[in-house]
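In what follows, a structure is listed as structure tokens, so that the remarks can point back to it.
Just so you know, ligand 1 is whichever comes first in the structure, and atom 1 is the first atom listed for that ligand.
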Amino acid sequence: MIPFNKAPVTGDEQYYMQQAIQNRKLSGDGPFTKKCQEWLEASFHSPKAYLTPSCTHALEMSALLLDIQPGDEVIMPSYTFVSTANAFVLRGAAIVFVDIRPDTMNMDENLIEAAVTSKTKAIVPVHYAGVACEMDTILSIADKYRLAVVEDAAQGVMSTYKGQALGTIGDFGCYSFHDTKNYTSGEGGALLVNDEKNKEQAEIIREKGTNRSRFLRGQVDKYSWVNVGSSYLPGELNAAYLYAQLRHANAINEDRLTSWNMYYDTLEPLADKGLLELPVIPKECRHNAHMFYIKTKDIEERTALVEWLKEDNIISVFHYVPLHSSEAGRHFGRFHGEDRFTTRESERLLRLPMFYEMKKRDIEDITNRIRSFYKC
Ligand SMILES: *Cc1c(COP(=O)(O)O)cnc(C)c1O
């Protein structure tokens, strides 16, 4: 069987986890958490990175840092994971969904401005498949209306837009280290705080609303409850696992890109014949091969192809059911403008197996099977 995903393992995980055990320090913000954070800051030129237990938690921290209140509005695509919306709904915000671009599946930057109202507080671009949204346009709208930008870069670790790392472009950037993502700690994430002025509040919110971090640095002589907060620190074993992955970040990235390119080159003749569509990577974007997807003619053809691949033990999966058409999405949000592409394109998209150290032979089998489906 060719699974859809396998968690990445580099071989060094046990060594670092053993070290964490020997350190006799397993709670948050130990040496491995620091190493991971420093790696993220140095590699992506980010002023401050905090490991979190998930990207969901990094998004929730962003909503707390922005002091999102009931009645506020937050703009995002409907074609995304539930956590993008939930983080803001938990603070009482109303979600305003805008349509996506059919080429990248990212929020259409040209539709955002019309969705801004006096209640809008933030724009949340989601970099689908690790391919950047059109950030210059998004930043200029945010600037014009004084809105915050929170990048959901869950899928975008190691990707860039005009040379800048995804997650470092908006006010906050949120990464995921879930085991379906390119780099993992099982469950995990990071919040990148890109404006120095938000660092102290981020520390407080992450440390249960206390100034414990200032205390540990000797800046105050005891720590106390100073604001709302929660526990947004992962344990050291997870950080040790992640550190092994980050140390191999380039090798993992290269390996995935090789698989991605092989899929692309092998399927290009089918795209040229108009049988299916392939992902589009705008020239400003360097992607991280987070995902390889194709688009079929319609949902019926996709269902048949999923079945055809499954008969050959190949697992392919579709992706998000647009949030605005879900029960909670209808309750907590509204779609601004016309749904020209969100539903239509989401019904055509099919993700093929993609993980670290995929065998060339497996990609050949998968693409051959797709060729036979299209009888060519
Ligand atoms: C995976 C993902 C998340 C959630 O990540 P967790 O680390 O599992 O919380 C959020 N947004 C997007 C776009 C994702 O792909």
Side-chain angles (χ1 to χ4, degrees), residues 4-5 7-8 36 40 49-64 74-90 95 97-98 100-101 104-107 122-133 135 138 149-159 161 166-167 169-170 172-192 206 230-235 238-239 241-242 245-246 256 279 287-293 317-324 326 328-329 333 342 345-346 349 351 354-355:
F4 173 67
N5 178 60
C36 289
L40 293 169
Y50 296 102
L51 291 195
T52 57
S54 63
C55 180
T56 302
H57 279 171
L59 289 159
E60 287 178 22
M61 278 186 72
S62 307
L64 282 164
V74 177
I75 298 173
M76 66 180 64
S78 170
Y79 188 67
T80 183
F81 189 58
V82 289
S83 294
T84 322
N86 257 329
F88 297 92
V89 168
L90 277 167
I95 307 299
F97 298 114
V98 298
I100 53 167
R101 298 166 34 154
T104 56
M105 303 298 285
N106 283 333
M107 178 159 63
I123 306 173
V124 188
V126 179
H127 305 298
Y128 189 70
V131 178
C133 297
M135 290 307 290
I138 293 172
V149 174
V150 178
E151 295 177 74
D152 182 337
Q155 305 173 12
V157 182
M158 292 287 278
S159 293
Y161 169 79
L166 303 193
I169 303 167
F172 301 107
C174 304
Y175 286 163
S176 175
F177 300 120
H178 187 263
D179 84 348
T180 52
K181 302 302 200 291
N182 293 24
Y183 310 96
T184 190
S185 53
E187 301 275 353
L191 175 70
L192 305 191
R206 186 162 167 272
S230 189
S231 182
Y232 291 125
L233 296 75
N238 293 66
Y241 192 101
L242 181 63
Q245 304 257 305
L246 296 179
R256 294 183 74 109
H287 74 110
N288 59 358
H290 172 62
M291 190 191 294
F292 192 89
Y293 65 77
V317 286
F318 54 85
H319 215 177
Y320 310 126
V321 174
L323 296 183
H324 76 283
S326 68
T342 300
E345 298 301 301
S346 69
L349 185 142
R351 296 179 292 161
M354 171 59 81
F355 45 86

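- Side chain of S159 to backbone of N288: a donor-acceptor contact under 3.5 angstrom is found.
- If you run side chain to side chain contact (heavy atoms under 4.5 Å, CB included) between S62 and each of L192, V124, V150, only V150 comes through.
- In terms of modelled atom types and a separation under 3.5 Å, the side chain of T52 and the main chain of H57 share no donor-acceptor contact.
- The shortest N or O to N or O distance between T56 and ligand 1 is below 3.5 Å.
- Backbone and side-chain nitrogen or oxygen atoms of C55 are examined, and one is located within less than 3.5 angstrom of a nitrogen or oxygen of ligand 1.
- Proximity of a side-chain donor or acceptor of T184 to a complementary backbone N or O of F177 within less than 3.5 Å is detected.
- Using 4.0 Å as the threshold, G188 has a heavy atom nearer than that to some atom of ligand 1.
- Shown in contact with V126 at under 4.0 Å from a heavy atom are these atoms of ligand 1, numbered in order with element: 13 (C).
- For the pair H127 and ligand 1, no heavy-atom separation below 4.0 Å is found.
- For H127 and Y161, the distance between ring centers is not under 6.0 angstrom.
- Proximity of K181 to ligand 1, defined as any heavy-atom pair under 4.0 Å, is confined to the side chain (atoms from C-beta onward).
- Within the structure, the closest approach of Y320 to ligand 1 falls below 4.0 Å when heavy atoms are considered.
- Of the possible polar contacts, one joining the E151 side chain to the G170 backbone as a donor-acceptor pair under 3.5 Å is found.
- Inclusion of Q155 in the set of residues having an N or O under 3.5 Å from an N or O of ligand 1 is warranted.
- At the top of the distance list for atom 14 (C) of ligand 1, counting protein heavy atoms only, stands A154 CB, 3.3 Å.
- Looking only at heavy atoms of the protein, atom 3 (C) of ligand 1 is closest to F81 CD2, 3.5 Å.
- Between the side chain of R256 and the main chain of H290, a donor-acceptor pair closer than 3.5 Å is present.
- Ring-centre distance between Y50 and Y232: not below the 6.0 Å cut-off.
- Considering backbone and side-chain N/O atoms, S176 comes within less than 3.5 Å of an N/O atom of ligand 1.
- For N106 (side chain) and R101 (main-chain N/O), no donor-acceptor pair under 3.5 Å exists by modelled atom type.
- With respect to atom 11 (N) of ligand 1, the closest heavy atom belonging to the protein is D152 OD2, 2.8 Å.
- Between H178 and ligand 1, not a single N/O pair is under 3.5 Å apart.
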